[in-house]
Amino acid sequence: MLLELEGIGKSYPGVRALDGVSLHLEAGEVLGLVGENGAGKSTLMKVLGGVVRPDAGRIRLHGRDFPQLSIAEAGAQGIAFVHQELSVFDNLDVAANVLMGREPVWGGPLRLVDRRAARAEVAPLLARLGADFGPEAPVATLSIAQRQMVEIARALSMRARIIIFDEPTSSLTLSETDRLLATIAALREAGTGIIYISHRLGEITTCADRVTCLRDGRVVGHLARGEINHATMTRLMIGRDLKSLYTPPAAAPREEGGLRIEALVTEAFPDRSIDLALRPGEILGLAGLVGAGRTSLARALFGVEPALAGGISLGGRELRIGSPREAIAEGIYLVPEDRKRSGLVLDMTIAENVSLPDLAGHARAGLVSGGSEVRVAEAQRQSLRIRAPGVAVRAGTLSGGNQQKVVLGKWLAMRPRALIFDEPTRGVDVGAKGEIYALMRGLADRGVAVLMISSDMEEVIGVSDRVAVMHEGRIAGTLARHEVNEPNILRLATGQQPEQHMATVEAE
Amino acid sequence: MGRKELGLAALIVGIAAITAGLNPQFLSTVNLMNMANLIGLFGIFSIGQGLIIITGGIDLSVGSIFALLGVVFLDLTANMGIAWPFAVLVVLALGLLMGLVHGLLVTRLGLQPFVVTLCGLLIYRGAARYYTGDSTISLGYAEGLDAITWLAAGRSYGVPHSFLALILVAIVVGVVLHRSVFGRYLFAVGRNEEAARYSGIRTGAVVTGAYVLGGLLAGISTLLLVFYTSSVSPSSFGNFYELYAIAAAVLGGCSLRGGEGSVLGIVLGTVLLQVLQNLVNILGIPSSLNFAVMGGVILIGALADRQLARRKSAPARMAAKGAAVAAE
C-alpha cells in the first residue's frame, strides 16, 4: 500500500472542510477523485502536500504513520503535484525548471550550476514522456500542454511515487488531453500511484481504476473499475436531483432589437468567425470548455480587444466598438471574470466604484458632486442588498458576492441595453448566487439582453433561456430551453452533435 | 486631514519646537520667511511630481528641465532682449511639451516612466550645457524685467511671492486632484489601471494629463528658481531637485505603487524637508551632513508608516485568510 488516509478531518471557523475522509492508493493504479466545487478535494490535496494540517486522522505513507505532513516531508515521501494553475518559471529553461532547488553544482564553494549535467539528467526524463522539446528549450516558448509535461518531468526527477493531477486538462485541447491520458497510463505501468482530480467525468471513466467521491467534506462512495460511469458518479457527487433554478422570463423575448454578432473574428481565433443573436429580454447562456473563445468574444464585444473583422449591431444599428469607452456609450456593459483585477478598484469606496463609469454624470463643471454620488450608490446598495454598513466602505473589505454586486451596481446605475456576465458567480457563496440570478432575470425582464458566460454546468442549465455552446472559436450550436441538458452541452462543447439531432438522424 | 497628514504635521511641529528651543533664531521672522521662500520654490514642482507618482509613474527629469528652461529663459530675455511675457510663455509651453512627450512615450509606446524620465534627465542636462557652451548665464543688467522680478522674487507684507504661488497652486491642484473628475480618474488609474479601463476611462489620456500638468508646474518653478538665483549655471542648476520632489511626495503619503497621496501631504512633506535643512544650518550641524539627515528622517518615516499600516491591517488579514481557506 502506497498511501492510506484514515479519518482525516479539518475544520475552519464555521466550516467543516473535511470530515473523516479515508482513502487508499496502491502502486500502479489511478485513483479518480471527484466532487463538486467545495466538496473538499482541494483541502484534502493540501493535506497531502503538507500545506494544511489536519485536525484529526492519520496519513500512512509506505507503512509509516504521520499525524500530519510538512511540505518538505511530503516531497521526501515522494508526493508530487501537477497543478491546475501551472507553477513553472517561464523565464528559465526546461532543465532549470525540472531541477529547481536540486541543481547539480560544480566549482566547490562557488556552487555554480552545472548546466551540462542538468541537461543530461533531464533529457532522459523528457524522452520517457515522449516530449517534443529538449531540456534547453526556454519555457516561455512552450504551450500549456508542454509546460505540464515539464511539471510531470519534475515529479519524475524527484522520484515521485505518488503524483497528484489537479484538474490537469482544464486548459488543454482534446488532442493534448489524449496525450496526457496516454502519459498517465504509461506512468501507471511503471508503478507510480496516481490521484487524478477532474470535473471531466469522461476522462475519469477513461483513465481511473477506482473512483472516490467527496461531497461536503465526506467520502460518499468508492467505485470499482466496473462501476465507473457518468450516471453513478453524478449521482454520488450531487447526492440529490439537480434542483431547478429556472425562472422563466416574464414575457417572451422580442425577436428584434437585440445584440447581433455577425461573422465576428476575435484575436484568439483569427481563422474562425462567430455568429450569434442575443434577444432583448432573454438570458443566453454561453457554455464551452476553457479556451473555447468565450472570454475573447466578451472582450471583443466590450472593446477590450477589438474584433479583427465582422459586425456588431444593437437594436438594428451597426456599431464600431474600439474600446470599453465606446461599448459603454452604447449601453453594452461587461461584468468581468476577474472582478478584483478588472471589475473594481478595491481601495476605493463602494460609492466611488459605482460612480466610476458615469462620473461625468455626477459632476458639474468638472467637479464631482459627492452628494449625487452617494445618493446613487446608496440606492444601488439597497436595491442590490449589498451587505455593508454604508457606501463609504472600501470595496476590498466586502465578501465575493457583495463585491460582485458592487460591479453590478456600477452598470445598473446607468442604462444597460446588453449586459455580458463572465463567470458571474465564481467565488460567490450560495446565498448570493441566488440573488445574482434573480437580478439577472430582473434585468432581462426590463428588456436588457443578457449574455452569461459560465463554466458551471448547474448555472448554465438552471438560469439560461437558451444556451449557445462554443467549441474552438466558433458557436458549435444553440440549444433551445427544452433541449438544454448536460449531455447536449457537453457534446457540443467537445465538437459532437447533440443527442436529439443524432436521434432524428438515426430515426430517418 | 488624514492620518498621514496629521502625523506629518505633528512631526513638523515637534521638530520645529525642539529646534526653536535649541536656537530661538529659528522662529525669527527673517528665518521663517527664508524658509517660506524655499518651501514655495520646492513645493510647486513637488506637487507636479506627486501627480505623476499617483499614476504609478515617476519623473526624474525635473532638475534637468530647470537647467534647460532656465538657460532658454535667460538667453531670450538677457541676451536677445525679448519681452519677458513672451519668454514666460515659451518656458511654460516648453514645460508642457516635455510633459506631453514623457506622457505619450509612457502611455502610447509603453516605455517605463523611470526609463523615459531618466533619459530626459540626461538629455535636457546635456542640451542645457551645450546651449551655453557650459558657461553660466546671469540676469545681469537685463532691461525691463522689473515687473517679473517683483512677481517672482518679491514680497508682499513680508511674505515671499514664491510661497504665495505655492498656496495658489496647492489650492488649484488640490481641487483638481481631490474634487474633480480628472482627479478621481487619476487615483483610479493609479490604483487599478485595468478596472479603470473597464469602466470606460481613457486611461492613457489621464496618465498623459498628469505628466503635462507636471511639466507645466516645472515650467512655473523654473521661473521662480531663476529669479531666486538670478543666474543659471547649466551643469549644476537644479541638480538633485527631482530627488527633493520625490522625497517630499513620498513623505507626504504618495505611494510609489500609485493611487495614493494628497496635495496637503506633499506640501507638508516639502515643509518638513525645508525645516530639516534649516535645522542643519541653524544648529551648526556640518552642512555636509545635510543629505544624511534628510535620508535618515525619510527612512524613519517610512519605517514608522509601515509598522502602523501592518498593525492596522494584521487582524483583518488574518480573518480574510481564514475565510479564503474555508471557502475552498
Side-chain angles (χ1 to χ4, degrees), chain A residues 10-17 37-38 40-43 46 51-52 302-304 323-329 333-336 338-348 352-353 355-360 362-363 365-370 373 395-397 399-400 407 410-411 414 427 429, chain B residues 2 54-56 107-108 171-206 209 213 253-255 257-262 309 312-313 315-328:
Chain A
K10 177 71 193 173
S11 295
Y12 295 104
V15 191
R16 217 172 154 85
N37 290 331
K41 292 171 299 180
S42 301
T43 313
K46 282 182 185 160
V51 182
V52 166
F302 193 56
V304 179
S323 67
R325 188 183 176 75
E326 289 165 34
I328 291 168
Y333 305 151
L334 172 71
V335 175
D338 187 344
R339 64 179 156 269
K340 289 182 188 199
R341 227 181 77 176
S342 334
L344 291 171
V345 185
L346 293 175
D347 285 303
M348 286 188 153
E352 287 168 340
N353 270 293
S355 65
L356 199 55
D358 192 27
L359 203 53
H362 295 281
L367 299 186
V368 178
S369 153
E373 201 176 30
T397 62
S399 72
V407 180
K410 281 167 60 167
W411 302 130
M414 295 167 69
D429 57 87
Chain B
I54 287 171
T55 69
T107 56
R108 287 290 166 86
I171 290 171
V172 171
V173 178
V175 169
V176 167
L177 187 60
H178 301 296
R179 292 281 174 271
S180 80
V181 172
F182 173 74
R184 177 70 63 76
Y185 285 176
L186 213 52
F187 281 112
V189 170
R191 275 291 192 198
N192 188 340
E193 200 266 344
E194 184 162 328
R197 192 152 40 87
Y198 275 65
S199 296
I201 296 171
R202 274 186 289 227
T203 55
V206 171
L213 257 176
C254 294
S255 161
R257 277 186 300 274
E260 230 176 307
S262 72
K312 209 177 84 182
S313 70
R317 202 181 304 148
M318 289 300 285
K321 205 172 174 186
V325 172
E328 277 168 18

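Only heavy atoms go into these numbers, but all of them, side chains included; no hydrogens, no water, no symmetry mates. Proteins get letters first, then strands, A, B, ... in listed order; numbering begins at 1 in each.
Take A/K10 and apply the salt bridge (Lys or Arg N to Asp or Glu O under 4.0 Å) test, not counting sequence neighbours, and it matches A/D55. With sequence neighbours excluded, the residues forming a salt bridge (Lys or Arg N to Asp or Glu O under 4.0 Å) with B/R191 are A/D347, B/E260, listed by chain and number.
For A/S355, the part lying under 4.5 angstrom from a heavy atom of chain B is the side chain only. The contact between A/S342 and chain B is made by backbone and side chain atoms together, counting heavy-atom distances below 4.5 Å. Using a 4.5 Å cut-off between heavy atoms, A/L356 contacts chain B through both its backbone and its side chain. Proximity to chain B (any heavy atom under 4.5 Å) is shown, for A/E352, by both the backbone and the side chain. With a 4.5 Å cut-off on non-hydrogen atoms, A/I328 touches chain B through its side chain but not through its backbone.
Residues B/V175 and A/L367 form a side-chain contact, since some pair of their non-hydrogen atoms from C-beta on lies under 4.5 Å apart. A/K340 places none of its side-chain heavy atoms less than 4.5 Å from the side chain of B/N192.
What you find for B/Y198 and A/F302 is that their closest heavy atoms are O-CZ, 3.2 Å. Taking all atoms of both residues into account, the shortest heavy-atom contact from B/Y185 to A/A360 is OH-N, 4.4 Å. A pairwise comparison of heavy atoms in B/S199 and A/K410 identifies OG-NZ, 2.8 Å as the closest pair.
Chain A forms more heavy-atom pairs under 4.5 Å with one residue of B/E193, B/R184, B/H178 than with any other, namely B/R184.
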Notebook entry, point to check: Step by step, would you call B/V181 with A/H362 a side chain to side chain contact (heavy atoms under 4.5 Å, CB included)?
Noted result: CA-CA 9 Å; B/V181 172; A/H362 295 281; over 6 Å; no

